[in-house]
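Accompanying notes for the structure given below.
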Amino acid sequence: MTTTTEAIIRPAADERAADLISGPMTLLFAIAVGVIVTNLFAPQTLVGLIGPSLGIGAGGSGLVATATLLGYAAGLFLLVPLADLVENRRLIVRMLVCAVLAASLATLAPTAGPLLVLLFLLGAACSAIQILVPIAAAMAPADRRGRVIGDVMGGLMVGILLARPVASFIADVYGWRAFYGVSALAMAALTLVLALRLPQRRSVVRSSYPALIASLWHLLRAEPILRRRALTASLAMAAFSLFWTAVALRLSQPPFELSQRGIALFALAGAGGAVVTPLFGRAGDRGWTRPATIASHLVMVAALALAAWAGSAGSGTPLLSLLLMGASAVLLDVGVTGDQTLGRRAINLLQPEARGRINGLFVGLFFLGGAVGSGVAGAAWTWGGWPTVCAIGAAFGVAALLSDLVERRG
C-alpha cells in the first residue's frame with residue numbers, strides 16, 4: 001500500500017500518471033540526464049592528460065575514451081531492460097550509487113588497468129539515463145509526450161555538448177582526477193534528489209531476466225517503427241560523431257589555429273543547437289513527425305555542406321571561416337537532436353509494458369551508429385582530409401533522408 005505522498009506509475013496504465021508531470025519535474029529530468037551524460041563524453045577530452053600521467057602510450061590512449069562508451073553500450077542491452085522487470089526508482093538509485101562509487105574510485109586509480117575497469121563500470125551505470133527518459137514519457141499524456149521528451153532531450157544534448165569544454169576547464173585548472181571528483185559529488189547530490197522526488201514505476205511484466213533479454217530480438221522484429229527510427233537515428237549519430245571527432249583536427253590547423261581551450265569554447269558555442277529540441281517535440285505532438293523528420297535530415301546535409309565550405313581555403317577571412325564553421329556545428333546539432341527527439345517520441349508511444357527494452361534497443365542501435373562515425377573519422381581524415389570527412393557525413397544524412405522518402409505513410 002502506498003501513502004498519499006507516494007506516486008506510482010504503472011506502465012500498462014500511463015493515463016494514471018498523466019497528471020504527474022510538471023514543469024519543475026521536467027526540469028529535474030533534463031538536469032539529471034545532462035549531468036549523468038557528461039561522464040560518457042568527457043574522457044575524449046581527458047585522454048591527452050590521462051595517458052601520460054598513467055604511462056599509457058599513444059596507441060593505447062584511445063582505450064580511455066572507449067572504456068566508458070563500451071560500458072554504456074553494455075548497460076543499454078543488459079541493465080536498461082531491467083526497467084521492465086523491477087521497480088524503476090530503486091533501479092535508478094542503485095545504478096547511480098554505483099556510478100558515484102566508480103567515479104570516486106577513478107580519482108584514486110594508480111594505474112591504467114584499474115582506471116579502465118572503473119570507467120567501464122561508470123559507463124554501464126550511466127545507462128540509467130535511458131530509464132529516466134521513459135519515466136518522463138510515461139508521466140506525460142500522449143498529446144504532451146513530444147514536448148516533455150523534447151525538453152528532457154534538450155538537457156541531454158546540452159550535457160553531451162558541454163561535457164568536453166567543462167572537462168577541459170576543470171582538468172586545465174585542477175587536473176584530470178578533479179573532473180571525476182566533481183562528477184561524483186554532482187551525481188551524489190542528484191541521486192539524493194531523485195530518491196526523494198522520483199515516483200515509483202512498477203513493472204507489470206512477469207518474466208525471468210534471460211527471457212527478458214531474449215525478447216529484445218522479438219521486439220525489434222515486431223515493431224517496424226522502432227526499426228525505422230533506430231536506423232535514421234543511427235545515421236544521424238554517425239554524422240554527429242564523425243563531425244565532432246574530426247573538427248578538432250581541422251580547427252587546430254590554419255586558418256583557425258585554435259588552442260585546446262579555443263576548441264573547447266567552439267564546442268560550447270555548438271551547444272546552442274540544443275535550444276530548439278523542444279520545438280521538435282511539439283511538432284511531433286501536432287502530427288508533423290514526418291515533415292519535421294525530413295527537415296531535420298535536410299538541415300544535417302546542409303550543415304555538412306557549409307562545414308566543408310567553411311573549412312576550405314577560399315571561404316574568406318579566418319574570422320568568417322570560424323563563424324561559418326560554428327554555424328555549421330549549430331545546424332548539425334539541430335538536425336541530429338530533431339531526429340532523436342522525434343524518434344524517441346515515436347518509440348515511446350509503442351508498447352508501454354516494454355518501454356525499457358524498446359528504449360534500450362533504440363539507444364543501443366543509434367549508439368552503434370555513433371561508434372561507426374567515430375571510427376570512420378580517423379580514416380577519412382587520413383585519406384582525404386576535411387572535405388572527405390564532410391562528404392561522408394553528408395552521405396549519412398542523405399541515407400537518412402532516403403529512408404524518410406521511402407517510408408510508407410501510416
Side-chain angles (χ1 to χ4, degrees), residues 29-47 65-66 68-73 75-76 99 119 122-123 125-130 132-133 136 149-170 179 182-183 186-187 190 233-248 263-278 280-281 296 300 303 326 328-341 343-344 359 362-374 377 393:
F29 279 111
I31 292 173
V33 298
V35 168
I36 298 168
V37 81
T38 58
N39 293 286
L40 302 179
F41 295 92
Q44 297 173 6
T45 294
L46 301 177
V47 164
T66 305
T68 310
L69 298 177
L70 289 176
Y72 185 65
L76 290 173
L119 292 183
L122 176 60
C126 286
S127 63
I129 293 169
Q130 305 308 330
L132 284 165
V133 174
I149 293 174
D151 290 341
V152 175
M153 282 297 297
L156 181 70
M157 292 306 298
V158 168
I160 291 173
L161 295 168
L162 293 185
R164 297 176 184 89
V166 168
S168 292
F169 175 77
I170 294 175
F179 168 78
V182 171
S183 177
M187 288 192 295
L190 178 65
S234 298
L235 293 166
M237 197 64 182
F240 178 87
S241 298
L242 175 69
F243 176 88
W244 283 105
T245 301
V247 74
I263 293 171
L265 290 174
F266 178 88
L268 185 64
V275 301
V276 303
T277 306
F280 284 101
S296 296
M300 285 172 50
S328 70
V330 171
L331 287 174
L332 181 62
D333 294 343
V334 168
V336 174
T337 56
D339 174 272
Q340 290 199 9
T341 301
R344 283 178 182 271
N359 276 269
F362 176 76
V363 179
L365 292 171
F366 87 62
F367 178 85
L368 292 177
V372 169
S374 295

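Contact annotation: the side chain of Leu162 never approaches that of Thr38 to less than 4.5 Å [non-hydrogen atoms, C-beta and beyond]. Contact annotation: the side chain of Trp244 approaches that of Val247 to within less than 4.5 Å [non-hydrogen atoms, C-beta and beyond].
The minimum heavy-atom distance between Phe240 and Leu332, with the atom names listed, is CA-CD2, 4.2 Å. Residue Ala42 comes nearest to Phe179 through the heavy atom pair CB-CZ, 3.3 Å, listed as atom of the first residue, atom of the second, then distance. The two atoms that bring Ser296 and Asp339 nearest to each other are OG-N, 3.7 Å, heavy atoms only. In plain terms, the two heavy atoms of Met300 and Ala239 that are nearest each other are CE-CB, 3.9 Å. Residue Phe280 comes nearest to Val334 through the heavy atom pair CE1-O, 3.7 Å, listed as atom of the first residue, atom of the second, then distance.
Formation of a donor-acceptor pair under 3.5 Å by the Ser234 side chain with backbone atoms of Leu365 is found in this model. Put simply, the side chain of Thr341 never gets that close to the backbone of Gly338: no donor and acceptor are under 3.5 Å apart.
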For this session: Go through the steps for Gln130 and Tyr72 under the test side chain to side chain contact (heavy atoms under 4.5 Å, CB included), then give the verdict.
Result: CA-CA 10 Å; Gln130 305 308 330; Tyr72 185 65; 2.9 Å; yes
Exercise. What do the steps show when you test Asn39 against Ser183 for side chain to side chain donor-acceptor pair (under 3.5 Å), and what is the final call?
Worked result: CA-CA 7 Å; Asn39 293 286; Ser183 177; 2.5 Å; yes
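Using cut-offs of 30° and 60° for the angle between ring planes, the Phe366 and Phe362 rings count as perpendicular.
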